[in-house]
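Here the structure is laid out as structure tokens; the discussion comes afterwards.
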There are 2 protein chains.
Amino acid sequence: MDKNELFNKLVSFTSSVHRVTNELTKNTKSNSISQVQYNILEFIAVSQPVTPSEINDCLSMSMSNTSRELSKLSEKKLIKKVNDSKDRRKQYIHLSKDGEVIMKEAFATIETRFLNRIQHASKEDLEEIERAIDTLQEKLFHP
Amino acid sequence: MDKNELFNKLVSFTSSVHRVTNELTKNTKSNSISQVQYNILEFIAVSQPVTPSEINDCLSMSMSNTSRELSKLSEKKLIKKVNDSKDRRKQYIHLSKDGEVIMKEAFATIETRFLNRIQHASKEDLEEIERAIDTLQEKLFHP
DNA sequence: CAATTTAGTTATCAAATGATAATTAAGAGG
DNA sequence: CCTCTTAATTATCATTTGATAACTAAATTG
């Protein structure tokens, strides 16, 4: 087992994942929000609840900009801020009802494109794909 | 086989891939270039050769900005532009020697972090990971 | 050949973003 | 209690970026 070769495979694999993710999520955002705001909502939707610190860390943005954009999303009633009951410096950000609606629509578009992409896959292929995802999730990406 | 469930797995999987990619590539860029310039060099390194159009498409940036940043990278002697011999409107961007050096260093850092991440995986685990990557690359991400 | 489209460059301006610093509030450690 | 650190907000300013338009050059279409 050549770990070096495995690393090269990982590089080209992650590059493919990013490319396909781009294709699937292109132009899915509603017109009422900016691209960055959509990225934030998507991150919240997948990782709910999140703190502002996690957002600027995971989306590689500055704390000042995160704070600004969260305020705008709050004004638009797309997110809710909840204080941590133990550590009262922390906030947990959730999607609001309206935020959930926007993200449900976006994910519906993404899912349609995904189903289109795997429409010719056989039952066996799909099962193999599912097992492969489980394997990588468990052994490589989750910890 | 529930395709809906498979989609949900894909969403959480791609989210993990992005998170781990972030961890592995954080602060790997040399101080002489901006983050965007690093992203461009990384994309070129993985997909060489690429056209300016592919760069603005895959990195979701405007054509004007792509052109500006490529000029800067050219001034810094990190890339080379080669005209397509058939379609002379097109350019192919390659890394220069200096660009290769910068990216080799960056990937060395990333590889060290990756090896650290899989240090406790058994031989069997690594083989399973490799097969899973091959499967997803072939059946889900490559086409 | 003429008209249209495509690839890319450049200049300009407005908007988004990052860096910084000052500030508030609260947890952690001595 | 005092100091240090962490989480977050806000204001200010410089830089980066996107949008637009004008432009060159070359391919495509008809």
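To find a chain, count down the sequence lines: A is the first, B the second, and so on, and within it residues start at 1.
In the set dG8(C), dG27(C), dT9(D), dG8(C) carries the atom at the smallest distance from any side-chain atom of Met63(B). Considering only side-chain atoms of Gln91(A), the nucleotide from dT12(C), dA26(D), dA8(D) that sits closest is dA8(D). Side-chain atoms of Asp87(B) lie closest to dA27(D) of the nucleotides dA27(D), dT9(C), dT17(D). If you check dT20(D), dA7(C), dT17(C) against the side chain of Lys90(B), the one that comes closest is dA7(C). Ranking dT9(C), dA7(D), dT17(D) by closeness to the Asn65(B) side chain, first place goes to dT17(D). Closest to the side chain of Ser64(B), out of dG8(C), dG18(D), dA11(D), is dG18(D).
Between Gln35(B) and dT16(D) there is no side-chain N or O to OP1 or OP2 distance below 4.0 Å. Put simply, Thr66(A) has no side-chain N or O that comes within less than 4.0 Å of OP1 or OP2 on dA8(D). Within the structure, every side-chain polar atom (N or O) of Lys86(B) is placed at least 4.0 Å from both OP1 and OP2 of dT28(D). For Arg88(A), a side-chain nitrogen or oxygen approaches OP1 or OP2 of dG27(C) to under 4.0 Å.
In this structure, OH of Tyr92(B) is placed 14 Å from C1' of dG8(C), rounded to the nearest angstrom. Regarding Asn83(A), its CG atom lies at a distance of 11 Å from the C1' atom of dA8(D), rounded to whole Å. The CD atom of Glu69(B) sits 5 Å away from the P atom of dT17(D) (whole-angstrom rounding).
Rounding to the nearest 0.5 Å gives a distance of 14.0 Å between OG1 of Thr14(A) and NZ of Lys9(A). One distance of note links CG of Leu41(A) with OH of Tyr38(A); it measures 8.5 Å at 0.5 Å rounding.
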Criterion salt bridge (Lys or Arg N to Asp or Glu O under 4.0 Å) on Glu69(B) and Lys72(B), from CA distance to verdict: CA-CA 5 Å; Glu69(B) 294 301 329; Lys72(B) 293 178 193 168; 3.2 Å; yes
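Heavy-atom nearest nucleotides on DNA chain D were determined for Lys72(B) and for Arg89(A), and the one closer to the 5' end corresponds to Arg89(A). Toward the 5′ end of DNA chain C lies the nearest nucleotide of Met61(A), the other residue of the pair Ser85(A) and Met61(A) mapping further downstream.
Within the nucleic acid shown, Ser34(A) has no heavy atom closer than 4.0 Å to any nucleic acid atom. Backbone-only engagement by Thr51(A) is indicated by non-hydrogen atom pairs under 4.0 Å involving sugar-phosphate atoms exclusively.
Counting heavy atoms from C-beta on, the side chains of Val20(B) and Arg117(B) come closer than 4.5 Å.
Comparing the local axis fitted to the first five base pairs of the helix from dC1(C)-dG30(D) to dG30(C)-dC1(D) with the one fitted to its last five gives a bend of 50°, rounded to 10°.
The two atoms that bring Arg113(B) and Lys26(B) nearest to each other are NH1-O, 2.7 Å, heavy atoms only.
Note: Phe13(A) and Phe13(B) have tilted aromatic rings, judged against thresholds of 30 and 60 degrees for the angle between ring planes. Ring geometry, Phe107(A) versus Phe7(B): the interplanar angle exceeds 60°, so the pair is classed perpendicular (tilted spans 30 to 60°).
Donor-acceptor pairing under 3.5 Å, judged by distance alone, is present between the side chain of Arg68(B) and the base of dG18(D).
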